[in-house]
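Side chains included, hydrogens not; waters and symmetry mates left out as well; all remaining heavy atoms used. Note that the coordinates shown come from a computational prediction; the quantities given were computed from them, not determined experimentally. Within every chain, numbering begins at 1; the chains are lettered A, B, ... in the order of the sequence lines, protein sequences first and strands thereafter.
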Amino acid sequence: MDTLGSLRRTHTCSQLGADNVDQEVILTGWVLRRRDHGGVIFIDLRDRWGITQIVFNPEYNAAVHAKAHQLRSEWVLAVRGTVFRRPPDMENPKLQTGAIEVLVSELRILNASETPPFPIDEYMEVSDNLRLQYRYLDLRRPEMANNLVLRHRAVQAVRSFLNDNGFLEIETPMLTRSTPEGARDYLVPSRVNPGRFYALPQSPQLFKQLLMIAGMDRYYQIVKCFRDEDLRADRQPEFTQIDMELSFVDEEDIITISEGMIRAVFRETLGIDPAPPFHRMSYDEAMRRFGTDRPDTRFGLELVDLTEVLGGCTFNVFKTTIDNGGIIKAINARGCAGFSRKDLDDLTDYAARFGARGMAWIKIRENEWQSPITKFFSDQEIDSMREALAAEPGDLILFGADREAVVNQVLSELRLELARRLQLIPADTYDFLWITDFPLVEYDSAEKRYAALHHPFTAPQENGGDIPAGDPARLRSRAYDLVLNGNEIGGGSIRIHQKDMQEKIFALLGIGPEEAREKFGFLLRALELGAPPHGGIAFGVDRLMMILTGSSSIRDVIAFPKTQKATCPLTDAPAPVERKQLTELSLRPDWKE
RNA sequence: GGGGUCGUAGUUCAGUUGGUUAGAACGCCGGCCUGUCACGCCGGAGGUCGCGAGUUCGAGUCUCGUCGGCCCCGCCA
């Protein structure tokens, strides 16, 4: 084994080209592959930046060539050599450095490597568990390394943009207090305060509001947030937000700043310029047309409400649904009348995953509406449906009939599934959409109370002063979400900055004066001491990077992510602790060891 | 808490109605090879079929349980 000594690389493995011919260079990196011809040996040397072919020729340097025979995958090298132009027919257009190669005159083996447990190339899919167990090997793969590079560039673009716009980057505590509402907290026991617990922040929400009250005016932070809920392909227990808050602003200011920031990110990463202003749509319109508050507007297949049209129909399922206060909506799947029985069964099964108890359909033929349920509709009802859906021969109509929430969820998911199957979603399209005018609260039937749709500090729109008169569900909030290709990538609101209003909202949410004082007393007090009007927004970095890199899982843009059971196969966290540690924390275990 | 799916060589996978000695490719080891670039040719090693029960003359294959990966519902203000 050799030492690095005073050898320092002169170039990375992506830098050398025709301009460097005849130069003596020093490269460092890992052995990606060796091609040993008995005589000449070729090694693809890899570092974070790229790949360069290095050559060992016995006629040029017999001793170095002999030494190179032992090289194996993932050995760590430093080499000194001369850049040679490759003969024209031996250039490798697949390599950035493919015009040249480096003929090695000095080889230092800095470390050997056992045969890696999986190949460090893009040609074989490796199981997630193995990848996470050897994440440091997984991250050597250019695809993964490039994801981290792109993430770095995105975050730097954010910092640069916000710095240029008068923002201060300020850190907020990771050890804070648990608050009601929202997700389950990760708790941290306090050693010096037995029986008391910190919570890891679900977001820095209250601290950033306090920073506004402190007069910081414009704050941002690229910050970890923690939520102890079950994982998904786009959800990790710890995730990163671009969190910001501004004083003396309204919705338009936040939207403008956000659009500028997103634009900077896209320019610096993909080289794409998504020119503001982005489209906007009210929550009500999104729910009506797409059945979701984060519609993917890259394709059609919109939902059409047929409740009125079919109010008098004799089809018992529809009639009963409407009589019980439910709704009927439909999607016109254009040109899909040729779907087989199996296609329709598959779609019905898919719909069932989201709560559908069935899925009625009609195939529009030249001469008839082909369906088991056509006979229940009058000519007038058929005409009305034809008009509402713009139905033409060759189309397929899919129905949802249930409570409004169920119909919307089922049909919005069905819409996405149809678009995937019919390949209606254009690639490399980035469709931004602001959703505005959210409801302030929604009724939680399980808890039998109203819950904040966004969070309890979101300001109501102007008539909010009338609370609790009238139907709380009709109140709109000053919240906004940014949706990109059907993914919620950011959300925020103008906050309540007056104590009276905050107390009213707490009351509406069933948080009594006593609980409010105990849990949010510090906020209410701060609101009494000169709180400026303020608002903000937070963007999910991981989800944004998922879209920018085209990844199918959030794990591919996080250096060390967790499995779906929230474990880390690399460190084996979470792990048992010494009994003494628990004792110090005044915790007594009651689980089986 | 629930549903689905997968688990076989280092890796990715195949393995027929339950039936002889569990295969392939890549990788690995050895040999040959001076222009390859996912080099090539020849040879070789490598398996508690996730784990545990059960059914059976016989289980990689069937049943039950269990552990783990992934996807989803619930959950995620």
Please classify the nucleic acid contact of [X] as base, sugar-phosphate, or nothing, using heavy-atom distances under 4.0 Å.
X	value
Glu125(A)	sugar-phosphate
Asp230(A)	base
Arg131(A)	nothing
Pro456(A)	base
Glu122(A)	nothing
Ala451(A)	nothing
Ile41(A)	nothing
Arg353(A)	sugar-phosphate
Arg33(A)	sugar-phosphate
Asp228(A)	nothing
Arg72(A)	sugar-phosphate
Gln409(A)	sugar-phosphate
Asn92(A)	base

Inset, instruction - Answer yes or no: is there a donor N or O on one side and an acceptor on the other, between the side chain of Arg72(A) and the main chain of Ala112(A), under 3.5 Å? - result: no
Inset, instruction - Without swapping roles, check the side chain of Thr52(A) against the backbone of Cys13(A) for a donor-acceptor pair under 3.5 Å. - result: yes
Look through every strand shown and name the nucleotide pairing with [N] as Watson-Crick or G-U wobble, where both distances are under 3.5 Å.
N	answer
U36(B)	none
C51(B)	G65(B)
C41(B)	G31(B)

Legend entry - Test ring-ring contact (aromatic ring centres under 6.0 Å, His included) applied to Phe506(A) - qualifying residues, sequence neighbours left out: Phe520(A)
Inset, instruction - Identify whether the distance between the nearest side-chain nitrogen and carboxylate oxygen of Lys342(A) and Asp345(A) falls below 4.0 Å. - result: no
Inset, instruction - Considering only NZ, NE, NH1 and NH2 on the basic side and carboxylate oxygens on the acidic side, decide whether Arg294(A) and Glu488(A) come within less than 4.0 Å. - result: no
Legend entry - Covered region of RNA chain B, 5' end to 3' end, by chain A [heavy atoms, under 4.0 Å]: G1(B) to A77(B)
Legend entry - Test item: His11(A) and Val83(A) side chains (from C-beta on) under 4.5 Å apart, heavy atoms: no
Inset, instruction - Let me know which of Gln202(A), Arg184(A), Arg235(A) forms a side chain to side chain contact (heavy atoms under 4.5 Å, CB included) with Arg227(A). - result: Gln202(A)
Inset, instruction - Using the C1' atom as the reference point in each nucleotide, state the distance between U48(B) and C32(B) in Å, no decimals. - result: 38 Å
Inset, instruction - Using the C1' atom on both, measure U55(B) against G2(B) and round to a whole Å. - result: 29 Å
